[in-house]
Amino acid sequence: MQKTQAEEALGMELPTRRVESFHYTDLRTMLREIPDNASGSTGGNYAPLVDTHLLSFNDGKLADDQVLPKGVTLSTDVAKATSSDINDAIVGMNAVTSGDAISLVIEGNATMEKPLGLGHFSSNESRNACYHKVLIKAGSEAQVISRHTSKDGVASLANTVTEIELEKDAVANWFVIQQESISANRLARINVSLAENAKLNLFILNAGGKLVRQEVKVDVAGEGAHVDIKGVNLIGDDAHIDVTTVLDHNVPNTTANELFRNVVAGNGHGVFQGQIKVAQIAQKTDAQMACNTLLLTDDGDFSAKPELEIFADDVLCAHGATVTDIDDDHLFYLRARGIKEKTARGLLIKAFVDEVVEEIGVSEELEEAFIGIIDSWLDKNA
Amino acid sequence: MLEIKNLHVRIAEDETEILKGLDLTVKAGEVAAIMGPNGAGKSTLSYVLAGKEDYEVTEGEILFNGENILDMEVDERAASGVFLAFQYPMEIPGVATMNFLKAAMNAQRKARDEAEYTTPEFIKKVKAASADLSIDFNMLKRALNVGFSGGEKKRAEILQMALLEPTLCVLDETDSGLDIDALKIVSDGVNALRDPERAFLVITHYQRLLDHIVPDTVHVLYNGRIIKTGDKSLALHLEENGYADIIAAAA
Ligand SMILES: Nc1ncnc2c1ncn2[C@@H]1O[C@H](COP(=O)(O)OP(=O)(O)O)[C@@H](O)[C@H]1O
Ligand SMILES: [Mg+2]
């Protein structure tokens, strides 16, 4: 097969739909051409959503005005991870694309008052890739907002690889807020490993971007560990948004709960692949996964592929995926009280996704900020 | 106030005719009871008044204050004063009852060119109305009807009616699922709204509701038509003798 411009530029092969994990997102075809490596910002910097201890990355470069709270240690002396496995293409691309790598060690609860912010901004049609390696020390609890933005109308290609290690009893409250411009592409991978009794609370909000793929791989490696993943994917215009998660339960007595709510408008294409693997020794695993989609248009679609690979016999695992339109009876009830059809639809769509945000249990300020992003997306698209 | 003439209605999906030439007139200030066996078409009538799209009107008209409401959208009918207390109120996950009430009240006010309520005004009104109906105010912070008991749902319907102040109130089996105490509370709530400018269509199976909400007229709906009209003594007659003789006489 002749190499594409992208493959030439990256010096690697990109996965096609024949690679199972890329079945719904043929990266090779969708990214035949990619822009050059970023060479610095051409105007504009990251603008934060809420007040955070901020590390901002403009076109992949860490700005040097960071003020970090006690208990958070930053290092820039880190090598990016890499992989030659075609399933890890995003990690491979990250390694060969320009952009800064950092490591953070978080100890204590200093980020619970005011979160740590990892703010990303792309200013032009170039590609950048950041790498974040985070260690949350035993018994510590961290709160991090990883947010991804770009200048209106630019066709940037951003890549983020994040590796989070949770020691015993550590808790990560991690929020991925993706608000790229509708012309920007973004590829991302989060790898998490959990030691004994560690807890991952991950929230993913996709509210922008053209081609977006967010991969999450969790190694549940300590007994008593818990994984909670909640997500809202708002897919409009010509966006193709893919969230692919893999939970690996490798020890007994762990729990996981995964819930995604998606809204498809315009010509949006959504993908959710949720894999739960339970190793033979991982008895008493309790893993639940649900993916519900509101399809508001005939021109869009959503593909959901839940996958259970279970080798232990004493487990509780379940998954459910639904794709529906707005319930006519609900709509009728609201309209019968005098609410106009458009407003009533808006209320129902908003209720469908807000429920997830309310369930993540964050500060009022964060909840309002997240709901604000959803509201403005719905205003424009639904 | 309400004039239904020769109304024929079928189910849009399978074209089964449910209402087969129904005539009914209700005057302002009147409480009209509609009684009839299961499947007679009572709920169908209430849905057609509210404008549900599953039903198709093939003949006849419905005049409300002289206007044909069949030409109006569902929300326009509501804003013009039509209110249906549902037999089975919908559970709507994620929509907080308070937000819903505010959206509904202000949408109707806006449609009538009235000023929208401010939040304090709104809360004051809801607190007063819910106290009258013995509704725990905290319940209204929850999603609309979600996890409400059968009785709570019916009370929430009457609360909406009290807050929206419609001029035509259609109550579809509001008494079902209510115990004696709740029945009394709900009936008192309805009676408090009785007004020379407001009409009620009270659909029920049982005389017991009509002991509390005393009707001016009683109509028997059977097989898609009103087959007999009388005063409140007709309800007592039905309670004692059932529908058989009236159905036989109409045949
Ligand atoms: N949406 C519908 N789809 C199919 N059948 C319906 C529908 N609504 C009503 N029906 C049928 O129409 C008849 C009248 O129903 P309904 O109006 O609910 O009666 P009532 O309220 O008097 O018990 C019944 O036979 C019922 O099964
Ligand atoms: Mg009925």
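Note that this is a predicted model, so its numbers are computed, not measured. In what follows, every heavy atom counts, from backbone to side chain, and hydrogens, waters and symmetry copies are set aside.
For B/L144, the part sitting under 4.5 Å from any heavy atom of chain A is the side chain, from C-beta outward, and nothing else.
Taking a 6.0 Å sphere around CD of B/E114, one finds it holds more than 12 heavy atoms contributed by other residues, nucleotides or ligands. Annotation: A/I326, atom CD1; neighbour count of heavy atoms from other residues, nucleotides and ligands within 6.0 Å is above 12. Counted within 6.0 Å of NZ on A/K114, heavy atoms from surrounding residues, nucleotides or ligands total more than 12; the atom is thus considered enclosed. Summarising the local packing, NZ of A/K199 is surrounded by 12 or fewer heavy atoms from other residues, nucleotides or ligands at distances under 6.0 Å. More than 12 heavy atoms of other shown residues, nucleotides or ligands fall within 6.0 angstrom of atom CG in A/D379. More than 12 heavy atoms of other residues, nucleotides or ligands shown are found within 6.0 angstrom of CZ on B/F137.
Residues of residues 49-76 of chain B having a heavy atom under 4.5 Å from any heavy atom of chain A, listed by number: B/A50, B/G51, B/K52, B/E53, B/E73, B/V74, B/D75. Of residues 332-341 of chain A, those residues with a non-hydrogen atom less than 4.5 Å from any non-hydrogen atom of chain B are, in numerical order, A/F332, A/Y333, A/L334, A/R335, A/A336, A/R337, A/G338, A/I339, A/K340, A/E341.
Contacts with chain A were tallied for B/A111, B/A104, B/A107; B/A104 has the most, counting heavy-atom pairs under 4.5 Å.
Minimum heavy-atom separation, A/A351 to B/P93: CB-O, 3.6 Å.
In this structure, B/N99 CG and A/L347 CG are separated by 8.0 Å, a value rounded to the nearest 0.5 Å. Separating the CZ atom in B/F86 from the CG atom in A/D329 is a distance of 8.5 Å, to the nearest 0.5 Å.
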